[in-house]
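What follows is a single structure, written as structure tokens, with notes after it.
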Amino acid sequence: MDVMPKWVDIIVVPLFSLFLAAALSALLILAIGESPIAALNLMIEGTLFRSAGWGYMLYYTTNFIFTGLAVSVAFHAALFNIGGEGQAMIGGLGVALVCLFIPWPHWTLAIVGASIGAALFGMIWAGLPAYLQAKRGSHIVITTIMFNFIAAGVLNFFLVDVLKPAGSMDPASANFPASTHLPTFQDIAGIIGFEKAFRSAPANVSFFIALFACLATWYLIWRTPLGYEIRALGKSGPAARYAGVRPVKIIMIAMMISGALCGMMAINTTQGESERLILNFTEGAGFIGIAVALMGRSHPVGVLLAALLFGFLYQGGAELALWTKIPRELIVVIQALVILFTGALSLMVRAPLERFFISIQRARV
Amino acid sequence: MIDFLTLLQVLDSSLRLATPLLLVCLAGLFSERAGIFDIGLEGKLLAAAFVSAAFAAITGSVWMGLLAGIFASILLSLLHGLASITLRGDQIISGVAINFLAAGLTVVAAQDLFGQGGRTPPLKSGGRFEPLSFPWASSSKEMSEAGPLMQLYSELLSGHSLLVYVALLTVPLSWFVLYKTRFGLRLRAVGENPAAVDTAGISVVGLRYAAVVIGGILCGIAGAYIATSLQANFTKDMSAGRGFIALAALIFAKWRPWYALAACLLFGFFFAVDNRFQNILLPAWSLSCILGVISIALLSYVWRKDYLDKVVLGGLALGVAVIAFMVVNSVWTTGITSQVKIPVVFIQSLPYVLTVVVLAGFVGRAIPPKAGGQPYVKER
């Protein structure tokens, strides 16, 4: 049977999907009465031509790397973790408890503690749906959706009734002590003599943890026996079971890794940016992880690139909302179209490309 | 204790809040009974809410709004059908995409059309569904003097918008269509064993599209209800997770119409209680008893189970026991008969917690349609 070349599958199909999404969005911008070219120029100028733009973009990218990796690890085990949002919220709770109640001498120690707290809390929150899927057969999509809402309730309870400092009206925790504050890109640039770079942008050292997570995930999935078992279970349950893979164990582990990655998103937003725990700090990043994982084809390199793209879109979208009458929600539309074309309508996108490249191959032979 | 009229008012608001849940839940029922998972209910509800509010605002007629809302919802249903039936894509991903599409497009369009920060202007009287008052129903002023039966009649039964009664009528109608007609039998069969339906020479694709479109119509009515009756305009993200709560209700109801009515009324009641009462007080002893019983029940269940069950459910039991201890501890000085405040968020989270319990199968196992979520491939 003819198959299309692998590079087409990996590079051309996602890019073509992106092109379709961009074309439809351009039509939408035209319908609003703005120029798509001018909009794109504005997005590029506001994001890539200013260091602060880069600072915001990489801040968003950090979130999306974590959640994108989380969704991809679950995808490899044929599980759909739609609960990244809830796992990130509970991860934020872990970060806040670690930062508020343990006296950290220096941020380098605090970030290790906060990462462990975030990962542990996210892990527990993903572990319950995983347990229900593995042992009781409850559909993981439905349970993780329910756990998103329950997590919102738990976070709300902790912020309103437990962590809120006395006398404050705001549903937020107290500010974290200064010794837990993470150096931002502005601080780092200042050390090497560029005081003006990345001014007031929220990107911080957790970006490097996200990069490390990419590497670790790649190693785990493609270079360890555990990763092999995860992929085997995802490709074919019965075959993996026959080969001695224990589905209950693998489902638990894959989901808990996924939850830990989602939880770790909170070190960027909570410890790095707001420096206290607030409501709605996840801002939908758990769901964007789905688009990132689909676009990046569940590979850490792809996830990194897709996260950069979405970081660009988020920062660019903010610029558009600032300077034109295109609202920020345009980015949500683009995100929906990307999910639609790379995920649900992938057969429609792939079929013509497949025909085209196979006919070229035949002509060459 | 609360008086009878207050109780009636809470039930009345339960009914109003349950209405959109019920319509969306039945939409999901048709779709899932035909083997198509529909995470995109939320998106359809939101899109219908916006389109109906926008059309009602522009034309001044609520009926035009209703029709347009249904049309928009059907369009999204067809998109879901195209992705998941014709192109055999992933139904969950398609649903997620539809939710985002609706969340983004409604605000972009509202901002472009009306320029009010993603809202539609408030609807005037012709653009709304007004409450219908039944004959001889007493008005709200003279309600407190009326007798209990009259209060029941005027407060609970009368005074809802037309769509509330439509939603209630949809329940027997859905039951009749699903269980008493040939179409319903085939629709249920296609969700359990599409190959058998195909062998009998009936179109699987046709049936599934029909189910998805019925779902679209119901979501459309629900959307029109929240934007032209429950509220009098569209606001950003006004569906507020109702599509997902309806999905929870659907599981709670084990994919059956009458159970769906009960589940939606129960969830509506939770919301009404949450809206009406700021502080819910329970005696500390009863609360700690309930928590203790849950904890002991979990522990006795895992007693003879394997390691994983012991860790997860045992951990859960421990967590519940810790909360019970904290409750007892907090009233230590004031005595065990004193009252403790139940956090508001607990009532809000109750529908989801109950759904997870039902899904887990500890209380009344919920078994979904067998072929749900799988695209049907004719040739194998």
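Residue numbers start from 1 in every chain, and the chains themselves are labelled A, B, ... in the order their sequence lines are given, proteins ahead of strands.
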Considering only heavy atoms from C-beta outward, does the side chain of D306(B) approach that of K135(A) to under 4.5 Å? yes
Is D112(B) paired with K325(A) through a side-chain N to carboxylate O contact shorter than 4.0 Å? no
Reported CG-to-CG distance for the pair L294(A) and D90(B), which is rounded to 0.5 angstrom: 8.5 Å
With a 4.5 angstrom heavy-atom cut-off, could you sort out which part of V248(A) is near chain B: side chain, backbone, both or neither? side chain
Proximity breakdown for I124(A) and chain B, heavy-atom pairs closer than 4.5 Å: neither
CG of L28(A) to CG of L105(B): how many Å apart, nearest 0.5 Å? 6.0 Å
Could you tell me which portion of L113(B) (side chain, backbone, both or neither) has an atom closer than 4.5 angstrom to a non-hydrogen atom of chain A? neither
Closest heavy-atom pair, A97(B) versus A336(A), reported as atoms and distance to 0.1 Å, is O-CB, 3.5 Å
Show your reasoning for whether side chain to side chain donor-acceptor pair (under 3.5 Å) applies to D309(B) and Y131(A). CA-CA 8 Å; D309(B) 292 299; Y131(A) 166 78; 2.4 Å; yes
Of I98(B), V311(B), L87(B), the largest count of non-hydrogen pairs under 4.5 angstrom with chain A goes to L87(B)
Taken to the nearest 0.5 Å, the spacing of I93(B) CD1 from L340(A) CG works out to 10.0 Å
Tell me whether the count of non-hydrogen atoms from other residues, nucleotides or ligands lying under 6.0 Å of NZ in K310(B) goes above 12. yes
Euclidean distance, L350(B) CG relative to F149(A) CZ, rounded to 0.5 Å: 15.0 Å
Using non-hydrogen atoms and a 4.5 Å limit, figure out which bit of L316(B) sits close to chain A: side chain, backbone, both or neither. side chain
Which atoms of Q111(B) approach chain A - backbone, side chain, both or neither, heavy atom under 4.5 Å: side chain
Please identify, among P327(A), A351(A), A31(A), the residue contributing the most non-hydrogen atom pairs under 4.5 Å to chain B. P327(A)
Partner set under ring pair (Phe, Tyr, Trp, His ring centres under 6.0 Å) for Y209(B), not counting sequence neighbours: none
Below 4.5 Å from any heavy atom of chain A, which atoms of V312(B) appear? Answer side chain, backbone, both or neither. side chain
Under a 4.5 Å heavy-atom cutoff, which of T86(B), L101(B), V108(B) has the most pairs with chain A? V108(B)
Between F287(A) and chain B, which part of the residue has a heavy atom less than 4.5 Å away: side chain, backbone, both or neither? both
Part of F346(B) within contact of chain A (heavy atom distance under 4.5 Å): neither
So for F157(A), is it side chain, backbone, both, or neither that comes closer than 4.5 Å to the heavy atoms of chain B? both
Acceptor/donor pairs from residues 238-253 of chain B side chains to any protein atom, 3.5 angstrom cut, sequence neighbours excluded:
{"from": "S239(B)", "atom 1": "OG", "to": "E42(B)", "atom 2": "OE2", "distance (Å)": "2.8"}
{"from": "R242(B)", "atom 1": "NH1", "to": "M238(B)", "atom 2": "O", "distance (Å)": "3.2"}

CG of L345(A) to CG of L82(B): how many Å apart, nearest 0.5 Å? 6.0 Å
What option among D161(A), I334(A), I82(A), I145(A) has the most heavy-atom pairs under 4.5 Å with chain B? I145(A)
Let me know if L128(A) has heavy atoms under 4.5 Å from chain B in its side chain, its backbone, both or neither. side chain
Tell me, out of V353(B), T355(B), L308(B), who's got the most heavy-atom pairs with chain A below 4.5 Å. L308(B)
Any side-chain to backbone donor/acceptor pair from S349(B) onto I150(A)? Under 3.5 Å, distance only. no
Rounded to the nearest 0.5 Å, how far apart are CG of L337(A) and CZ of F100(B)? 12.0 Å
